[in-house]
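See below for the structure under consideration.
Given the structure is predicted, the values throughout are model-derived calculations rather than measurements. To find a chain, count down the sequence lines: A is the first, B the second, and so on, and within it residues start at 1.
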2 protein chains.
Amino acid sequence: MLENFFGQVLKKLREERGISQENLGHNSGLDRTYISLLERGLRVPTIVTLFKLAKVLDKKPSEIISLLENLNENSD
Amino acid sequence: MLENFFGQVLKKLREERGISQENLGHNSGLDRTYISLLERGLRVPTIVTLFKLAKVLDKKPSEIISLLENLNENSD
DNA sequence: CACCACAACGGACTATAGTCTGCAATAAAA
DNA sequence: TTTTATTGCAGACTATAGTCCGTTGTGGTG
C-alpha cells in the first residue's frame with residue numbers, strides 16, 4: 001500500500017501549494033505524466049526523485065517520509 | 001552525490017548493528033550483492049526499499065532520510 | 001454551445017533498480 | 001598453511017522507474 005500512500009501525500013501537498021501536475025513536473029525536472037502515475041500509486045519514486053519533489057513542494061524529504069510512516073503504521 | 005551519502009549512511013548503520021551485508025540482505029528480502037552496490041553508491045533505492053532496510057536496521061525511514069539531508073546541505 | 005486548463009490514460013520506449021551466479025581478494029581464526 | 005567469513009566485483013539477466021507523444025474525459029468560463 002506504500003505506493004498509494006505516497007500518491008495521496010504527494011497529491012495533497014501539491015494541491016496545498018495550488019500548482020498543477022504539469023507545473024510540479026516541470027519545476028522538479030520530471031515528466032508531467034510521471035507525476036500523474038505517482039499520484040495514482042502506479043509508481044514509487046527513488047530517494048533521488050523524492051528529494052527533487054520535496055524541494056519544489058518546499059518540504060523536507062524526511063517530513064514527507066514521516067507522513068508515510070504514520071499512514072503505514074495504521075495499515076496492517 | 002546523494003547515492004554516495006546513502007551508501008555511507010547505510011554502511012555506518014549496518015556496522016553499528018554488527019551485521020553482515022549477507023545478513024542485512026537476507027532479513028530485508030534483498031540481494032546480498034545489491035546491498036554491496038548500495039553501500040558503494042552504485043545504486044539508489046526506491047522508498048519501498050528504504051522502508052525494508054530501515055526495518056531491519058531498527059530505524060525510522062525518516063531518520064535515515066534526515067541523515068541524508070544533513071550531509072546534502074553541506075555539499076554544494 | 002465553444003473554449004480552455006487540467007488530469008487520466010495508453011503505448012512504446014530508455015534508464016536504472018534489483019537479482020542471480022560465480023569467482024577473486026582480504027583478514028581473521030584454526 | 002588451510003579454513004572460514006566477509007566483501008568486491010563482473011556479467012547477464014528481469015522488473016520497474018521515468019520519458020515522450022498523443023488522445024480522451026471533465027469541469028469551469030466566455
Side-chain angles (χ1 to χ4, degrees), chain A residues 1-62 64-65 67-69 71-72 75, chain B residues 1-62 64-65 67-69 71-72 75:
Chain A
M1 298 267 76
L2 201 56
E3 321 87 45
N4 295 310
F5 292 150
F6 181 81
Q8 292 169 24
V9 166
L10 178 61
K11 181 169 188 173
K12 181 166 176 293
L13 293 177
R14 178 179 63 80
E15 290 179 342
E16 281 176 8
R17 290 231 102 200
I19 63 179
S20 65
Q21 292 179 350
E22 167 93 38
N23 187 303
L24 174 56
H26 183 258
N27 288 317
S28 59
L30 296 165
D31 196 81
R32 188 203 91 221
T33 62
Y34 178 56
I35 305 295
S36 175
L37 289 170
L38 285 175
E39 290 191 356
R40 284 179 285 145
L42 300 176
R43 290 291 190 285
V44 126
T46 64
I47 62 174
V48 169
T49 299
L50 169 69
F51 272 68
K52 290 180 186 170
L53 292 169
K55 189 162 193 172
V56 177
L57 295 171
D58 201 29
K59 294 279 176 191
K60 287 187 180 181
S62 58
I64 299 181
I65 297 295
L67 296 174
L68 294 187
E69 288 166 2
L71 290 174
N72 217 38
S75 71
Chain B
M1 300 265 75
L2 201 55
E3 322 87 45
N4 296 309
F5 292 150
F6 181 81
Q8 292 169 23
V9 166
L10 178 61
K11 182 169 187 174
K12 180 165 176 296
L13 293 178
R14 177 179 63 80
E15 290 179 341
E16 281 176 8
R17 290 231 101 201
I19 63 180
S20 66
Q21 292 179 352
E22 168 92 39
N23 187 301
L24 173 57
H26 182 258
N27 288 317
S28 60
L30 296 165
D31 198 83
R32 190 207 98 222
T33 63
Y34 178 56
I35 304 296
S36 175
L37 289 170
L38 285 175
E39 289 190 357
R40 284 179 286 144
L42 299 177
R43 290 290 190 285
V44 125
T46 64
I47 62 175
V48 169
T49 300
L50 169 69
F51 273 68
K52 290 179 186 171
L53 292 169
K55 189 162 192 172
V56 177
L57 296 171
D58 201 28
K59 294 278 177 192
K60 287 187 180 180
S62 58
I64 299 181
I65 297 295
L67 297 173
L68 295 187
E69 288 166 2
L71 291 173
N72 217 39
S75 71

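- At least one side-chain heavy atom of A:I35 sits less than 4.5 Å from a side-chain heavy atom of A:E39.
- B:T49 comes within 4.0 angstrom of sugar-phosphate atoms only, judged by non-hydrogen atoms across all strands, and of no base.
- Residue contacts for A:I35: at a heavy-atom cut-off of 4.0 Å it reaches no nucleic acid atom on any strand shown.
- Residue B:S36 places no side-chain N or O under 4.0 Å from the OP1 or OP2 atom of D:dT7.
- Nearest nucleotide to the side chain of A:D31, out of D:dT19, C:dA8, D:dG8: D:dT19.
- Contact between the side-chain N/O atoms of A:Q21 and the OP1/OP2 oxygens of C:dA5 is not found at any separation under 4.0 Å.
- Of the listed nucleotides (C:dA7, D:dT19, D:dA17), D:dA17 has the atom at the smallest distance from the side chain of A:V44.
- Nucleic acid contact class of A:G29 (heavy atoms, under 4.0 Å, all strands): sugar-phosphate only.
- For a distance-only test at 3.5 Å, the side chain of A:R40 fails to qualify as a donor-acceptor partner of the base of C:dG10.
- For A:T33 and A:S36, the side-chain atoms include no donor-acceptor pair closer than 3.5 Å.
- Comparing D:dA17, C:dC6, C:dT19 by their closest approach to the side chain of B:L37 singles out C:dT19.
- Each of D:dT23, C:dC6, C:dA17 was ranked by its minimum atom distance to the side chain of A:R32; first place goes to D:dT23.
- Counting heavy atoms from C-beta outward, B:V44 and B:L2 have side chains that stay 4.5 Å or more apart.
- Nearest-nucleotide positions on DNA chain D place B:N23 closer to the 5' end than the other of B:N23 and A:T46.
- Between the P atom of C:dC9 and the CG atom of A:L42 lies a distance of 8 Å, rounded to the nearest Å.
- Residue-to-nucleotide contacts include a donor-acceptor pair under 3.5 Å from the side chain of A:T33 to the base of D:dC20.
- Put simply, B:R14 has a side-chain N or O that comes within less than 4.0 Å of OP1 or OP2 on D:dT7.
- A heavy-atom distance below 4.5 Å is not found between the side chains of B:F5 and A:I47.
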